[in-house]
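Let me begin by presenting the structure, written as structure tokens, before commenting on it.
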Amino acid sequence: MEDEAWRDLVGISADPPNRRDKCEQCKRPVVVCWCPALPHPPEAVASQIVILQHPAEEKRSLRTALMLQLGLEPGKCVVYKGKRFPNHKHHSELQRILDSPQTLLLYPSRDSVPLEEVDGSSGPYTLVLIDGTWPQAKAIYASSPALHRLRQVKLIAVGISDYIIRTQPTEGCLSTLETAAQCLAVLESRPELRQTLVRPLHALCRFQLDNGAVEHQSKEFLMKNNQYPKPIGKRLNRLLNSTRNTAGDGNKDT
């Protein structure tokens, strides 16, 4: 018995098991790669998107900021990670962006104006987005005084998110990709940009739905139709009230 067990042990390969091949661009398994849906060549735009990303977003397997980076020409979408900006990792580089009069912040404040009303002839602009859940975005803003000095803008007509395999808090919440794509469509006066840049997200959702995922409605929709399965806590209630009051003012979940 011991000899047989030893032979079985010796027969185990020292090499790690083969893993699924991954795409070099999106780093996803080849069978679920969304790169074929990217624009080819990447879209050339005059504007720049700067994403201030909460560290927790790196852990999300379906994050959409990378779709935006790969869908635009190199350098047109830059991601900085942290909970406060600027920070020691990229202080001077980001500080130059935040000091520029051409930089706008997408954020729902009392002083924010509709992005559609920004004078396009004075561009090109750099648009700063905060990437994270709504509580994370508020915490980043509160701890980053440099953001308070930026001209603040908001989106008015956003529609319903195409990220249908993820539950959003309200009907007006968009993914980071959708938010940036819609903003670029406005800033560049190219309405078709939104559809072009969001195609990888559509491809991802189609694959997930074809393989057992279900379409999700927003929490707001479920509660309006008495379908929400859990008690509504104080935090969720505050979040829904906040996002209703500022609907269309940017992404609340990646």
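This chain uses plain numbering: 1 for the first residue, then up along the sequence. Since the model is a prediction, treat every value here as computed from it, not as a measurement.
By the side-chain hydrogen bond (donor to acceptor under 3.5 Å, both in side chains) test, S121 pairs with D119, sequence neighbours left out. Among residues two or more places apart in sequence or in another chain, the side chain to side chain contact (heavy atoms under 4.5 Å, CB included) test is passed with K89 by N87. Applying the ring pair (Phe, Tyr, Trp, His ring centres under 6.0 Å) criterion to Y80, with sequence neighbours excluded, gives H90. S100 is linked by a side chain to side chain contact (heavy atoms under 4.5 Å, CB included) to Q102, T103, counting only residues two or more places apart in sequence or in another chain.
Heavy atoms only, all atoms of each residue included: P101 and R151 are closest at O-NH2, 3.1 Å. Shown here for A181 and L197, the closest heavy-atom pair between the two residues is CB-CB, 3.9 Å. Smallest separation of non-hydrogen atoms from L129 and T176: CD1-O, 4.4 Å. Scanning both residues, E57 and G132, for their nearest heavy atoms gives OE2-CA, 3.4 Å. Across all non-hydrogen atoms, the minimal contact from G71 to P39 is O-CG, 3.4 Å. Considering every non-hydrogen atom in both M67 and L201, the closest pair reads SD-N, 3.7 Å.
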Worksheet item: Would E178 and S175 satisfy side-chain hydrogen bond (donor to acceptor under 3.5 Å, both in side chains), going step by step from the backbone distance to the final call?
Response: CA-CA 5 Å; E178 293 171 301; S175 66; 3.0 Å; yes

Worksheet item: Would D21 and V31 count as a side-chain contact (heavy atoms from CB on, under 4.5 Å) if you check the C-alpha gap in whole Å, the side-chain angles of each, and the deciding distance to 0.1 Å?
Response: CA-CA 8 Å; D21 292 335; V31 293; over 6 Å; no

Practice prompt. Please test S47 against L127 for side-chain contact (heavy atoms from CB on, under 4.5 Å), starting from the C-alpha separation and ending with a verdict.
Written response: CA-CA 8 Å; S47 310; L127 183 67; over 6 Å; no

Worksheet entry | Verdict with reasoning, V79 to Q69, per side-chain contact (heavy atoms from CB on, under 4.5 Å) | CA-CA 9 Å; V79 178; Q69 286 183 292; 3.6 Å; yes

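A 4.5 Å side-chain heavy-atom check between L155 and E116 finds at least one atom pair inside the cut-off. You'll find the side chain of V118 stays beyond 4.5 Å of the side chain of V186, heavy atoms only. Residues L147 and I130 are in side-chain contact: their nearest non-hydrogen atoms beyond the backbone lie under 4.5 Å apart. Side-chain contact check for P55 versus K83: some heavy-atom pair is nearer than 4.5 Å. Looking only at side-chain heavy atoms (C-beta outward), V45 and L187 stay at 4.5 Å or farther from each other. Counting only heavy atoms from C-beta outward, the side chains of V153 and L105 never approach each other to under 4.5 Å. Side-chain contact between D131 and L52 is absent, with no heavy-atom pair separated by less than 4.5 Å. Within the 4.5 Å cutoff, the side chain of Q25 has no heavy atoms near those of the W34 side chain.
In this structure, SG on C77 lies 4.0 Å from CG on L68, to the nearest 0.5 angstrom. Here the straight-line distance linking atom CG of L106 with atom CG of L150 works out to 11.5 Å at 0.5 Å rounding. A distance of 4.5 Å separates NZ of K154 from OG of S112, quoted to the nearest 0.5 Å.
With L104 as the fixed residue, the side chain to side chain contact (heavy atoms under 4.5 Å, CB included) test singles out one of V113, T126, L115: L115. Considering E24, K22, R28 as possible partners of C26, the one that fulfils the side chain to side chain contact (heavy atoms under 4.5 Å, CB included) test is R28.
Remark: side-chain polar atoms of R199 are not paired, donor with acceptor, to backbone N or O of L38 under 3.5 angstrom. Under a 3.5 Å cut-off, the side chain of K76 and the backbone N or O of I49 do not form any donor-acceptor pair. Panel note: side chain S144, backbone Y141; no donor-acceptor pair is recorded below 3.5 Å.
Counting only residues at least two apart or on different chains, no salt bridge (charged side-chain N to carboxylate O under 4.0 Å, His left out) pair has a member in residues 179-188. Residue pairs that meet the salt bridge (charged side-chain N to carboxylate O under 4.0 Å, His left out) test with at least one member in residues 38-49, sequence neighbours left out, are E43-R190.
Residue-environment remark: NZ (K81) exceeds the threshold of 12 foreign heavy atoms within 6.0 Å.
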